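First comes the structure, then the notes that go with it.
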Amino acid sequence: MKTILVTGASRGIGLEWTRQCLDRGHRLLATCRSPDNARGLLKLRESYADLLDILPVDVEDEGSATRLFSELEKKSESIDLLFNNAGIIDWEDMLDVSSASMEKIYKVNVVGALLVLRAAIPCLRRSANPVVVNVSSRLGSIELRGNTQLGGAMAYQCSKAALNMLTKQASIDLAPFGITVLSQSPGWVRTGMGGSDAKFSVEESVTNMLGHLENAGLSLNGKFIGEDGVELPW
Ligand SMILES: NC(=O)c1ccc[n+]([C@@H]2O[C@H](COP(=O)([O-])OP(=O)(O)OC[C@H]3O[C@@H](n4cnc5c(N)ncnc54)[C@H](OP(=O)(O)O)[C@@H]3O)[C@@H](O)[C@H]2O)c1
(Lines give C-alpha, C1' and ligand atoms only; values in the text may rest on other atoms or scores of the structure.)
Protein backbone atom coordinates (compact mmCIF):
# COMPACT_ATOMS: atom_id res chain seq x y z
CA MET A 1 0.00 0.00 0.00
CA LYS A 2 1.30 3.43 -0.97
CA THR A 3 0.41 6.82 0.45
CA ILE A 4 -0.57 9.11 -2.41
CA LEU A 5 -1.23 12.83 -2.23
CA VAL A 6 -3.34 14.37 -5.00
CA THR A 7 -3.99 18.05 -5.70
CA GLY A 8 -7.16 19.15 -7.46
CA ALA A 9 -8.95 15.97 -6.36
CA SER A 10 -12.47 17.46 -6.29
CA ARG A 11 -13.35 16.46 -9.87
CA GLY A 12 -12.03 15.40 -13.26
CA ILE A 13 -8.76 13.48 -13.48
CA GLY A 14 -7.82 14.12 -9.83
CA LEU A 15 -11.07 12.61 -8.53
CA GLU A 16 -10.84 9.56 -10.82
CA TRP A 17 -7.17 9.11 -9.89
CA THR A 18 -8.21 9.09 -6.24
CA ARG A 19 -11.00 6.56 -6.92
CA GLN A 20 -8.81 4.12 -8.86
CA CYS A 21 -5.95 4.34 -6.34
CA LEU A 22 -8.39 3.61 -3.49
CA ASP A 23 -9.74 0.63 -5.48
CA ARG A 24 -6.16 -0.66 -5.66
CA GLY A 25 -5.82 -0.47 -1.88
CA HIS A 26 -3.67 2.64 -1.57
CA ARG A 27 -4.06 5.33 1.09
CA LEU A 28 -5.09 8.70 -0.33
CA LEU A 29 -4.54 12.22 0.89
CA ALA A 30 -6.95 13.91 -1.50
CA THR A 31 -6.61 17.67 -1.47
CA CYS A 32 -9.00 20.25 -2.86
CA ARG A 33 -10.02 23.85 -2.35
CA SER A 34 -13.31 23.14 -0.55
CA PRO A 35 -13.45 19.76 1.20
CA ASP A 36 -16.99 20.40 2.48
CA ASN A 37 -18.29 20.86 -1.08
CA ALA A 38 -16.27 18.10 -2.75
CA ARG A 39 -19.25 15.84 -3.38
CA GLY A 40 -17.35 13.20 -5.36
CA LEU A 41 -14.74 12.82 -2.62
CA LEU A 42 -17.33 12.80 0.16
CA LYS A 43 -19.15 10.00 -1.67
CA LEU A 44 -15.89 8.03 -1.97
CA ARG A 45 -15.30 8.41 1.75
CA GLU A 46 -18.54 6.49 2.42
CA SER A 47 -16.83 3.40 0.95
CA TYR A 48 -13.21 4.09 1.91
CA ALA A 49 -13.36 5.82 5.30
CA ASP A 50 -10.14 4.13 6.48
CA LEU A 51 -8.09 4.95 3.39
CA LEU A 52 -9.21 8.44 2.39
CA ASP A 53 -8.45 11.78 4.00
CA ILE A 54 -9.90 14.89 2.36
CA LEU A 55 -7.69 17.88 3.06
CA PRO A 56 -7.78 21.56 2.09
CA VAL A 57 -5.22 22.95 -0.36
CA ASP A 58 -5.64 25.91 -2.68
CA VAL A 59 -2.45 25.83 -4.73
CA GLU A 60 -2.78 29.55 -5.46
CA ASP A 61 -2.34 30.30 -1.78
CA GLU A 62 1.23 29.74 -0.62
CA GLY A 63 0.20 29.45 3.04
CA SER A 64 -2.30 26.73 2.21
CA ALA A 65 0.24 24.14 1.02
CA THR A 66 2.71 25.13 3.75
CA ARG A 67 0.06 24.66 6.46
CA LEU A 68 -0.97 21.24 5.23
CA PHE A 69 2.54 19.90 4.89
CA SER A 70 3.66 21.22 8.26
CA GLU A 71 0.72 19.31 9.78
CA LEU A 72 1.76 16.17 7.87
CA GLU A 73 5.36 16.76 8.94
CA LYS A 74 4.31 16.85 12.61
CA LYS A 75 2.77 13.40 12.15
CA SER A 76 5.95 12.16 10.42
CA GLU A 77 3.88 11.27 7.35
CA SER A 78 5.57 9.55 4.46
CA ILE A 79 4.34 10.25 0.91
CA ASP A 80 5.18 7.74 -1.81
CA LEU A 81 3.55 9.53 -4.71
CA LEU A 82 2.62 13.17 -5.24
CA PHE A 83 0.13 13.59 -8.10
CA ASN A 84 0.59 17.30 -8.80
CA ASN A 85 -2.61 17.65 -10.80
CA ALA A 86 -4.48 20.89 -10.03
CA GLY A 87 -4.70 23.01 -13.17
CA ILE A 88 -6.73 25.53 -15.11
CA ILE A 89 -7.01 26.58 -18.77
CA ASP A 90 -8.04 29.52 -20.89
CA TRP A 91 -8.38 28.91 -24.64
CA GLU A 92 -7.58 32.50 -25.69
CA ASP A 93 -4.92 32.79 -28.36
CA MET A 94 -1.92 35.05 -28.56
CA LEU A 95 -3.91 38.03 -29.82
CA ASP A 96 -6.65 37.88 -27.20
CA VAL A 97 -5.14 36.44 -24.03
CA SER A 98 -5.11 38.95 -21.18
CA SER A 99 -2.16 39.57 -18.92
CA ALA A 100 -4.45 38.75 -15.98
CA SER A 101 -5.15 35.31 -17.44
CA MET A 102 -1.47 34.70 -18.15
CA GLU A 103 -0.66 35.51 -14.54
CA LYS A 104 -3.53 33.50 -13.06
CA ILE A 105 -2.72 30.38 -15.11
CA TYR A 106 0.98 30.61 -14.25
CA LYS A 107 0.07 31.03 -10.61
CA VAL A 108 -1.96 27.83 -10.51
CA ASN A 109 -0.19 25.62 -13.07
CA VAL A 110 3.43 26.54 -12.39
CA VAL A 111 3.87 28.40 -9.11
CA GLY A 112 1.23 26.23 -7.40
CA ALA A 113 2.92 23.04 -8.59
CA LEU A 114 6.29 24.30 -7.33
CA LEU A 115 4.93 25.31 -3.91
CA VAL A 116 3.27 21.93 -3.38
CA LEU A 117 6.31 19.98 -4.55
CA ARG A 118 8.68 22.01 -2.38
CA ALA A 119 6.52 21.73 0.72
CA ALA A 120 6.16 17.97 0.15
CA ILE A 121 9.90 17.21 0.11
CA PRO A 122 10.28 16.24 3.81
CA CYS A 123 7.35 13.78 3.54
CA LEU A 124 8.61 12.44 0.21
CA ARG A 125 12.04 11.82 1.70
CA ARG A 126 10.50 9.40 4.20
CA SER A 127 9.40 7.09 1.38
CA ALA A 128 11.63 4.30 0.06
CA ASN A 129 10.71 5.14 -3.56
CA PRO A 130 9.19 8.62 -3.77
CA VAL A 131 7.71 9.75 -7.08
CA VAL A 132 6.32 13.12 -8.16
CA VAL A 133 4.07 13.27 -11.21
CA ASN A 134 3.56 16.76 -12.57
CA VAL A 135 0.42 16.54 -14.70
CA SER A 136 1.44 18.21 -17.93
CA SER A 137 0.04 18.28 -21.45
CA ARG A 138 1.08 17.74 -25.05
CA LEU A 139 0.06 21.39 -25.44
CA GLY A 140 3.13 22.20 -23.36
CA SER A 141 5.49 20.50 -25.81
CA ILE A 142 7.41 23.09 -27.82
CA GLU A 143 8.43 20.47 -30.37
CA LEU A 144 4.87 19.25 -30.98
CA ARG A 145 3.57 22.77 -31.65
CA GLY A 146 1.98 22.77 -35.06
CA ASN A 147 1.59 19.01 -35.04
CA THR A 148 -1.65 18.79 -33.07
CA GLN A 149 -5.05 19.95 -34.18
CA LEU A 150 -5.52 21.92 -30.99
CA GLY A 151 -3.94 25.28 -30.55
CA GLY A 152 -4.20 28.79 -29.38
CA ALA A 153 -4.37 28.28 -25.63
CA MET A 154 -1.50 30.69 -25.15
CA ALA A 155 -1.37 30.98 -21.36
CA TYR A 156 -1.96 27.26 -20.84
CA GLN A 157 0.66 26.15 -23.36
CA CYS A 158 3.28 28.46 -21.86
CA SER A 159 2.39 27.29 -18.36
CA LYS A 160 2.76 23.59 -19.21
CA ALA A 161 6.08 24.23 -21.01
CA ALA A 162 7.22 25.99 -17.83
CA LEU A 163 5.92 23.09 -15.72
CA ASN A 164 8.03 20.75 -17.84
CA MET A 165 11.12 22.81 -17.04
CA LEU A 166 10.15 22.63 -13.37
CA THR A 167 10.06 18.83 -13.76
CA LYS A 168 13.47 18.73 -15.40
CA GLN A 169 15.14 21.00 -12.87
CA ALA A 170 13.49 19.31 -9.87
CA SER A 171 14.52 15.90 -11.21
CA ILE A 172 18.13 17.07 -11.07
CA ASP A 173 17.92 18.91 -7.76
CA LEU A 174 16.06 16.12 -5.96
CA ALA A 175 18.01 13.17 -7.41
CA PRO A 176 20.38 13.13 -4.39
CA PHE A 177 17.31 12.40 -2.22
CA GLY A 178 16.19 9.56 -4.50
CA ILE A 179 13.04 11.45 -5.51
CA THR A 180 11.81 10.68 -9.05
CA VAL A 181 10.15 13.65 -10.76
CA LEU A 182 8.41 13.31 -14.13
CA SER A 183 5.86 15.07 -16.31
CA GLN A 184 2.95 13.04 -17.62
CA SER A 185 0.29 14.04 -20.11
CA PRO A 186 -3.06 12.35 -19.41
CA GLY A 187 -4.07 12.59 -23.10
CA TRP A 188 -7.11 14.54 -24.22
CA VAL A 189 -9.72 13.65 -21.60
CA ARG A 190 -13.46 14.25 -21.24
CA THR A 191 -13.51 16.48 -18.14
CA GLY A 192 -14.63 20.02 -17.42
CA MET A 193 -11.33 21.10 -18.98
CA GLY A 194 -11.10 18.66 -21.89
CA GLY A 195 -14.77 18.96 -22.98
CA SER A 196 -17.12 16.32 -24.36
CA ASP A 197 -15.31 15.73 -27.69
CA ALA A 198 -12.10 14.54 -26.06
CA LYS A 199 -10.60 11.17 -27.00
CA PHE A 200 -10.48 9.46 -23.60
CA SER A 201 -12.98 8.97 -20.81
CA VAL A 202 -11.54 9.96 -17.46
CA GLU A 203 -11.55 6.28 -16.43
CA GLU A 204 -9.49 5.26 -19.51
CA SER A 205 -6.98 8.05 -19.02
CA VAL A 206 -6.34 7.25 -15.37
CA THR A 207 -6.17 3.48 -16.01
CA ASN A 208 -3.61 4.12 -18.75
CA MET A 209 -1.53 6.41 -16.56
CA LEU A 210 -1.59 4.11 -13.55
CA GLY A 211 -0.50 1.20 -15.73
CA HIS A 212 2.72 3.07 -16.42
CA LEU A 213 3.22 4.56 -12.98
CA GLU A 214 2.47 1.79 -10.51
CA ASN A 215 6.09 0.66 -10.56
CA ALA A 216 7.62 3.99 -11.51
CA GLY A 217 11.13 4.63 -10.31
CA LEU A 218 14.30 6.44 -11.13
CA SER A 219 14.27 5.24 -14.77
CA LEU A 220 11.50 7.80 -15.34
CA ASN A 221 13.33 10.62 -13.57
CA GLY A 222 13.29 13.83 -15.61
CA LYS A 223 11.14 12.30 -18.37
CA PHE A 224 8.04 13.64 -20.11
CA ILE A 225 5.68 10.78 -20.95
CA GLY A 226 2.20 10.39 -22.41
CA GLU A 227 -0.73 8.52 -20.89
CA ASP A 228 0.59 5.41 -22.68
CA GLY A 229 4.00 5.68 -21.01
CA VAL A 230 5.73 6.63 -24.29
CA GLU A 231 8.20 9.50 -24.05
CA LEU A 232 7.11 12.84 -25.50
CA PRO A 233 9.38 15.50 -26.97
CA TRP A 234 9.87 18.55 -24.78
N1 LIG B 1 -8.64 17.14 -19.62
C2 LIG B 1 -7.67 17.14 -20.51
O3 LIG B 1 -7.88 16.87 -21.71
C4 LIG B 1 -6.26 17.42 -20.07
C5 LIG B 1 -5.25 17.27 -21.03
C6 LIG B 1 -3.93 17.52 -20.65
C7 LIG B 1 -3.63 17.86 -19.36
N8 LIG B 1 -4.64 17.99 -18.45
C9 LIG B 1 -4.25 18.37 -17.09
O10 LIG B 1 -4.84 17.49 -16.15
C11 LIG B 1 -5.04 18.17 -14.91
C12 LIG B 1 -6.47 17.95 -14.43
O13 LIG B 1 -7.33 18.48 -15.44
P14 LIG B 1 -8.88 18.06 -15.56
O15 LIG B 1 -9.11 17.75 -16.98
O16 LIG B 1 -9.23 17.06 -14.52
O17 LIG B 1 -9.56 19.47 -15.24
P18 LIG B 1 -10.87 19.85 -14.42
O19 LIG B 1 -11.90 18.80 -14.58
O20 LIG B 1 -11.16 21.24 -14.83
O21 LIG B 1 -10.37 19.80 -12.89
C22 LIG B 1 -9.39 20.71 -12.46
C23 LIG B 1 -9.10 20.44 -11.00
O24 LIG B 1 -8.12 21.39 -10.57
C25 LIG B 1 -8.61 22.00 -9.39
N26 LIG B 1 -8.09 23.36 -9.18
C27 LIG B 1 -8.18 24.45 -9.97
N28 LIG B 1 -7.60 25.50 -9.39
C29 LIG B 1 -7.13 25.07 -8.19
C30 LIG B 1 -6.45 25.68 -7.12
N31 LIG B 1 -6.13 27.00 -7.14
N32 LIG B 1 -6.11 24.93 -6.04
C33 LIG B 1 -6.43 23.63 -5.99
N34 LIG B 1 -7.11 22.99 -6.96
C35 LIG B 1 -7.45 23.71 -8.05
C36 LIG B 1 -10.12 22.05 -9.56
O37 LIG B 1 -10.71 22.28 -8.30
P38 LIG B 1 -12.14 23.04 -8.10
O39 LIG B 1 -13.18 21.97 -8.17
O40 LIG B 1 -12.02 23.65 -6.74
O41 LIG B 1 -12.25 24.06 -9.19
C42 LIG B 1 -10.34 20.64 -10.11
O43 LIG B 1 -10.31 19.68 -9.08
C44 LIG B 1 -4.69 19.63 -15.17
O45 LIG B 1 -3.39 19.91 -14.72
C46 LIG B 1 -4.75 19.73 -16.68
O47 LIG B 1 -3.95 20.77 -17.17
C48 LIG B 1 -5.93 17.79 -18.77
Side-chain angles (χ1 to χ4, degrees), residues 4-21 30-35 37-41 43-44 57-61 82-94 96-98 100-117 132-142 144-145 147-164 166-167 182-210 212-213 224-228 232:
I4 299 174
L5 190 138
V6 185
T7 63
S10 56
R11 57 195 167 89
I13 292 166
L15 176 61
E16 179 61 16
W17 178 274
T18 301
R19 191 186 68 72
Q20 289 198 26
C21 288
T31 73
C32 59
R33 288 193 277 198
S34 308
N37 300 323
R39 276 190 310 223
L41 288 175
K43 183 91 191 132
L44 278 178
V57 173
D58 179 342
V59 304
E60 259 192 274
D61 168 7
L82 165 61
F83 193 64
N84 222 353
N85 163 77
I88 54 173
I89 196 167
D90 159 357
W91 289 98
E92 298 291 352
D93 67 13
M94 187 197 143
D96 292 324
V97 69
S98 65
S101 181
M102 288 292 292
E103 285 172 17
K104 167 101 179 161
I105 290 180
Y106 257 68
K107 196 160 183 205
V108 174
N109 293 4
V110 187
V111 183
L114 169 65
L115 294 176
V116 170
L117 167 50
V132 176
V133 179
N134 288 326
V135 181
S136 186
S137 168
R138 283 174 176 73
L139 293 183
S141 165
I142 292 170
L144 289 178
R145 216 50 322 252
N147 296 336
T148 66
Q149 73 272 41
L150 289 168
M154 188 63 170
Y156 183 78
Q157 289 171 201
C158 291
S159 76
K160 292 298 186 182
L163 179 70
N164 284 347
L166 192 162
T167 292
L182 64 125
S183 278
Q184 184 167 40
S185 167
W188 187 22
V189 189
R190 295 192 288 276
T191 62
M193 179 182 292
S196 54
D197 291 338
K199 179 175 176 187
F200 296 112
S201 69
V202 75
E203 293 83 0
E204 288 169 317
S205 165
V206 170
T207 303
N208 287 341
M209 285 195 282
L210 275 172
H212 298 282
L213 285 177
F224 178 24
I225 61 171
E227 71 291 344
D228 50 6
L232 294 170

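Throughout, numbering of the chain's residues begins at 1 and tracks the sequence. Remember, predicted model here, so these are calculated numbers, not experimental data.
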Nearest-0.5 Å distance, [atom1] of residue [X] to [atom2] of residue [Y]:
X	Y	atom1	atom2	answer
K160	T167	NZ	OG1	9.5 Å
N109	L166	CG	CG	11.5 Å
L5	L82	CG	CG	6.0 Å
T18	F83	OG1	CZ	8.5 Å
Q157	L139	CD	CG	5.5 Å
L15	Q20	CG	CD	10.5 Å

*Do the side chains of E227 and V189 get nearer than 4.5 Å, heavy atoms only?*
no
Looking at [X] and [Y], would you say the former's side chain and the latter's main chain have a donor-acceptor pair under 3.5 Å?
X	Y	result
W17	A9	no
N85	T7	yes
S136	N164	no
S137	S185	no

_N208 vs D228, test: side chain to side chain contact (heavy atoms under 4.5 Å, CB included). Steps then yes/no._
CA-CA 6 Å; N208 287 341; D228 50 6; over 6 Å; no
*Test salt bridge (charged side-chain N to carboxylate O under 4.0 Å, His left out) applied to D61 - qualifying residues, sequence neighbours left out*: R67
*Which residues share a salt bridge (charged side-chain N to carboxylate O under 4.0 Å, His left out) with E92, sequence neighbours left out*: none
Considering only distance and modelled atom types, tabulate donor-acceptor pairs under 3.5 Å from the side chains of residues 101-108, sequence neighbours left out.
residue	atom	partner	partner atom	Å
S101	OG	D90	OD2	2.3
K104	NZ	E60	OE1	2.8

_By the side-chain hydrogen bond (donor to acceptor under 3.5 Å, both in side chains) test, which pairs, at least two apart or in different chains, include something from residues 193-202?_
S201-E203, S201-E204
If every non-hydrogen atom of [X] is compared with every non-hydrogen atom of [Y], which pair is closest and at what distance?
X	Y	value
R19	L44	CG-CD2, 3.6 Å
V135	L163	O-CD2, 3.3 Å
W91	M193	CZ2-O, 4.2 Å
M154	D93	CB-C, 4.0 Å

*Partners passing side-chain contact (heavy atoms from CB on, under 4.5 Å) against I225 (at least two apart in sequence or in another chain)*: L182, Q184, L220, K223, E231
*Test log, rule side chain to side chain contact (heavy atoms under 4.5 Å, CB included), inputs C21 and I4*: CA-CA 8 Å; C21 288; I4 299 174; 3.7 Å; yes
*What's the verdict on side chain to side chain contact (heavy atoms under 4.5 Å, CB included) for L114 and V110, showing C-alpha distance, side-chain angles and the deciding distance?*
CA-CA 6 Å; L114 169 65; V110 187; 5.9 Å; no
*What pairs with F200 under ring-ring contact (aromatic ring centres under 6.0 Å, His included), at least two apart in sequence or on another chain?*
none
